[in-house]
Structure formats: C-alpha cells, structure tokens
Amino acid sequence: MSKFKSASLILENGKVFKGFAFGDERSTSGEVVFSTPMTGYTEMLTDPAYQGQILVMTYPLVGNYGVSNCECVDSVIKSFESDKIHVRGLIVTDCSFNYSHWNAAKSFRDWLIENHIPAIFGVDTREITKEIRENGVMLGKIVVEGCDECAEFYDPNKENLVSEVSLKEITKYGSGDCKVVLVDCGSKEYIVNSLLKRGAEVVRVPWDYDFSTMEYDGVLLSTGPGNPEMCGVTIENIRKAMQTEKPILGIGLGHQLLALAAGAKIQKLKCGHRGCNQPVVIEGTDRAVITSQNHGFAVDATTLPKGWEIRFTNLNDATNSGIGHINKPFASVQFHPESSRGPEDTSFIFDNFIEQIRRCKK
C-alpha cells in the first residue's frame, strides 16, 4: 500500500475509519450515506440526487468493469445519468485497478482523479453502514494524509441543491404526438430516454421556470437531490399546473414536490433509501415490485388531503412510495421507473403516463 496515501473518514459523532486514498488526493466533507447495489457505480456517481454527499458503497468490490466514455446520441447522454460526477467523496472496501469490459475506456480510479473526486478504499464499509443504520445519516469528512483538514462539516441539506444541478436553459428533444414538459430538478438522463422511446416530445425546463406559459400535454417532475421544501418556486408552478388538470407525473424528488403542492407534509428519513432492491407493494393488492430508490426524505402519507390516496408502500419500513389523485390525472412515485441497470418492474409507470396524456388529448 506504499504508493497510496493514508486517508480517513471522520464522522460527526467522532468515529474514525482509516483506509487509503485512491481518487483525488484532497480532503472533502458532506453528508455520509450508503447504497446497496452490486453494479452501476458510474450511474450512481453521476446521479444528481447524490449532490453534496459522501457515498459509501456496501458491495465489497467496485471498478472491475472500468468506465466507458461519455457519449451523446440525439443530445441525450448514454451510459451515465448526467454529464458529471455529483458525489463529494466515495468510500469502498476494495477497488479493482485492473478492469475488463468491451466498452471500457479507462479505469475507475483514473475517472475519479480526472473529476477531482476524493475516494478511500481499505475500509470495512459494513461497519460504516451499521453505524449509519443505528444512528442515522450524519455529516462526515474525508481527510487525506498531507492535506489540510476540512475546517468544518458541510451540511448539504441547508442548501438548495436543486438549483445547483438543474439545467440553465430550455432544451428540446425528439418529436411525437404529445408534448411533455420535464421540470429538471436534477433529472436523470434515462427519464428523457424513457419518454422519447414512447413517442413523446420532451421540453426540459429549469427547476424554477414558470412552464404555465407554455403549451404542453403533460408534466413530469423529475428526480433530484436534497430537501424538497427548498423548491418553493417549483411548488407554486406545480399548483398552477394542477389547475389545468393535464396529466402530472412525479418521480423521486418530483413525488415529494407534488405532495407538497397538494398540501401534504414531508419527513426526513433516518437512513434514507438508496439501492436497486427496494420492495414496494401496490396498494390494495398482494403484488410487490422491486424498485430502485435514492432519497433521504419521504412523503408523510398521514397528511394527504382529501381527494388523494396511497398507491404504493415500501415494504421495508412502510413509508410511502406513491400517491395519486382519485379523480384527476395526478400521480407520483418515490422509486425510479426509469431504472434500466437494475429492475424494470415499474416501467409501466411511463406507459400509463403517456397513455393518460393521449386519452386526455382526445
């Protein structure tokens, strides 16, 4: 290990986990969270929902299939969920510096260094995960030997992270028989892909854009990072859209924003849900689906106003995973139906949304 500098993860409760730096050799800080998938490290690190966070990967090995080049097809990014890495740091048990995959262009370590992302290996991530599960997510620092220690812990939940990850200008994709406004709160690229392959035209707008002035057939509220209550402008725009009674679908953070616009409340979860193995039951049935999730806040289903109902429930902790209006075409899900690197059990959410738009147009 002589070629790797010593590095430590320091949690705000005083616990220290020592390992070795293999990314950018600098110190950083953020909210420490864990995620459970066995594959998909490039997708996770480029997911805007991880903005401001230090990610602990529970699977013991990463890097074995390298990293592909970031390519665009018809202005949509392939292989990654956005055009940059959003985590502030990474913690793994072991990293494979030798990689093997037909589509790989570079090693995982080289990719982290190119993007100036600090990372530590040689740490027991199971022990860190246990610490978070028992005490809840907490702030932490990555401190690299020979680098100045971070002066203080950084709490991303006090920032409007959505404004940091949302696109700045309106962008249009494809053409089709229905026009969907995608409110970009930190949207994953595969949401755009999922709409395009179902024959929709997509108009992607910034998080705070007043899309009520536009002509459209439906609205999709995207995934994103942080506390949804920071997005007051977006919530007001959603309330305007609800008055038109055109179909609205919320995903991830968009689910929480729709709930807030309806009058419900949000709660901060102890550990959050981050992984592609979250079981969710469809309300009123005995059918469960396996979902991909990445969020630290949840809708308090007990505060749903009259006219709204629970559609999905997380089987792990009984938190809400989806709501819908009884009479109007408004619905949202906490999980990610656009996921393709994990389960595809819930891709029907997009099918239902587009079919609903076409019915409403007629």
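- The closest side-chain donor-acceptor pair between Asn157 and Glu31 falls under 3.5 angstrom.
- Heavy atoms of other residues, nucleotides or ligands lying less than 6.0 angstrom from CZ of Arg239 number more than 12.
- Counting only distance, with no hydrogens or angles, the side chain of Asp110 and the backbone of Lys106 share no donor-acceptor pair below 3.5 Å.
- Side-chain atoms of Ser96 and Asn98 include no donor-acceptor pair closer than 3.5 Å.
- Between Glu81 and Glu43 the shortest heavy-atom distance is CG-O, 3.5 Å.
- When only modelled atom types and interatomic distance are considered, Ser292 and His336 share no side-chain donor-acceptor pair under 3.5 Å.
- Gln278 and Asn316 share a side-chain donor-acceptor pair at under 3.5 Å.
- Side-chain atoms of Lys270 come within 3.5 Å of backbone N or O of Arg133 as a donor-acceptor pair.
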Pair Glu309-Arg311, salt bridge (charged side-chain N to carboxylate O under 4.0 Å, His left out): steps then yes or no
CA-CA 6 Å; Glu309 64 183 3; Arg311 297 274 175 88; 2.8 Å; yes
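- Considering only heavy atoms from C-beta on, Lys141 stays 4.5 Å or farther from Ser27 through its side chain.
- Side-chain contact between Ile54 and Leu90 is absent, with no heavy atoms from C-beta onward closer than 4.5 Å.
- No more than 12 heavy atoms of other residues, nucleotides or ligands shown are found within 6.0 angstrom of NZ on Lys130.
- Atom CG of Leu257 is separated from atom SG of Cys231 by 5.5 Å, given to the nearest 0.5 angstrom.
- Under 3.5 Å, the side chains of Asn193 and Glu189 contain no donor-acceptor pair of N or O atoms.
- Here Thr234 contributes atom OG1 and Leu258 contributes atom CG; the two are 12.5 Å apart, rounded to the nearest 0.5 Å.
- Once rounded to the nearest 0.5 Å, the distance linking OG1 of Thr129 with CD of Glu134 reads 11.0 Å.
- Between Thr223 and Glu338 the shortest side-chain heavy-atom distance falls below 4.5 Å.
- Cation-pi geometry between Arg274 and Phe34 is not satisfied (NZ or CZ under 6.0 Å from the ring centre, within 45° of the ring normal).
- Ion pair Asp217/Lys361 flagged as a salt bridge, since at least one NZ, NE, NH1 or NH2 atom sits closer than 4.0 Å to an Asp/Glu carboxylate oxygen.
- In this structure, Val92 and Tyr59 have side chains that are not in contact, with every pair of non-hydrogen atoms separated by 4.5 Å or more.
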Phe97 vs Phe4, test: ring pair (Phe, Tyr, Trp, His ring centres under 6.0 Å). Steps then yes/no.
CA-CA 13 Å; Phe97 302 113; Phe4 297 102; 5.3 Å; yes
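- Separation of atoms CD1 (Ile349) and CG (Asn352) is listed at 6.0 Å; rounding is to 0.5 Å.
- Side chains of Asn227 and Gln256: no donor on one and acceptor on the other come within 3.5 Å.
- In this structure, CD1 in Ile290 is found 10.0 Å from SG in Cys276, a value given to the nearest 0.5 Å.
- For Ser187 (side chain) and Asp184 (main-chain N/O), no donor-acceptor pair under 3.5 Å exists by modelled atom type.
- Distance alone, capped at 3.5 Å, places no donor-acceptor pair between the Thr313 side chain and the Ile310 backbone.
- Under the 4.5 Å side-chain heavy-atom criterion for grouping Ile, Leu, Val, Met, Phe, Trp and Tyr, Ile248 is not connected to Ile251 through any hydrophobic cluster.
- The closest donor-acceptor contact from the side chain of Ser222 to the backbone of Val183 lies under 3.5 Å.
- No hydrogens or angles considered: nothing links the side chains of His101 and Asn64 as a donor-acceptor pair under 3.5 Å.
- The environment of Lys265 atom NZ is sparse: at most 12 non-hydrogen atoms of other residues, nucleotides or ligands sit within 6.0 angstrom.
- Using a 4.5 Å heavy-atom threshold, the side chains of Val67 and Phe80 count as touching.
- Linking ILVMFWY side-chain heavy atoms closer than 4.5 Å, directly or via other members, places Ile170 and Val162 in a single hydrophobic cluster.
- Using a 3.5 Å distance cut-off with no hydrogens or angles, the side chains of Thr36 and Asn277 do pair a donor with an acceptor.
- Between the side chains of Asn294 and Asp47, a donor-acceptor pair is found at a separation under 3.5 Å.
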Could you walk me through whether Val281 and Phe312 pass side chain to side chain contact (heavy atoms under 4.5 Å, CB included), step by step?
CA-CA 6 Å; Val281 67; Phe312 299 92; over 6 Å; no
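- To the nearest 0.5 Å, the span separating CG on Leu161 from OG on Ser166 amounts to 12.5 Å.
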Derivation of the side chain to side chain contact (heavy atoms under 4.5 Å, CB included) call for Val280 and Asp345
CA-CA 10 Å; Val280 166; Asp345 286 17; over 6 Å; no
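- Side chain of Ser82 to main chain of Thr46: a donor-acceptor pair is present (N/O by atom type, distance under 3.5 Å, no hydrogens or angles).
- Nearest approach of Leu315 to Ala288, heavy atoms of both residues: CD1-CB, 4.0 Å.
- No single ILVMFWY cluster, assembled from side-chain heavy atoms under 4.5 Å apart, contains both Tyr50 and Phe297.
- A cation-pi geometry, defined here as NZ or CZ lying under 6.0 Å from the six-membered ring centre and within 45° of its normal, holds between Lys246 and Tyr216.
- The one candidate from Ile323, Thr303, Ile326 that meets the side-chain contact (heavy atoms from CB on, under 4.5 Å) condition with Trp308 is Ile323.
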Checking Trp102 against Tyr65 for the ring pair (Phe, Tyr, Trp, His ring centres under 6.0 Å) test, could you report, in this order, the C-alpha distance in whole Å, the side-chain angles of both residues, the deciding distance, and whether it holds?
CA-CA 9 Å; Trp102 65 270; Tyr65 54 87; over 10 Å; no
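- Aromatic rings from Phe108 and Tyr99 are positioned such that their centres are separated by 6.0 Å or more.
- When all heavy atoms of Pro48 and Lys188 are compared, the pair lying nearest together is CD-CG, 4.5 Å.
- Counting non-hydrogen atoms of other residues, nucleotides and ligands closer than 6.0 Å to CE of Met138 gives a total above 12.
- For Pro329 against Glu245, the heavy-atom pair with the smallest separation is CG-O, 3.3 Å.
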Give the intermediate values and the outcome of side chain to side chain contact (heavy atoms under 4.5 Å, CB included) for residues Ile266 and Leu260.
CA-CA 7 Å; Ile266 301 298; Leu260 287 170; 3.5 Å; yes
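- In terms of modelled atom types and a separation under 3.5 Å, the side chain of Arg204 and the main chain of Thr171 share no donor-acceptor contact.
- Under the 4.5 Å side-chain heavy-atom criterion for Ile, Leu, Val, Met, Phe, Trp and Tyr, Leu249 and Val219 are members of distinct hydrophobic clusters.
- Between Leu195 and Glu201 there is no side-chain heavy-atom pair separated by less than 4.5 Å.
- Each of Met230 and Val165 belongs to its own hydrophobic cluster when Ile, Leu, Val, Met, Phe, Trp and Tyr are linked at side-chain heavy-atom distances under 4.5 angstrom.
- Between the side chains of Thr58 and Thr125, not a single donor N or O lies within less than 3.5 Å of an accepting N or O.
- Put simply, the side chain of Asp300 gets close to the backbone of Thr302: a donor and an acceptor are under 3.5 Å apart.
- The closest side-chain donor-acceptor pair between Gln293 and Gln334, if any, does not fall under 3.5 angstrom.
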Applying side chain to side chain contact (heavy atoms under 4.5 Å, CB included), run through Met57 and Ile91 and close with a yes or a no.
CA-CA 6 Å; Met57 297 185 68; Ile91 311 294; over 6 Å; no
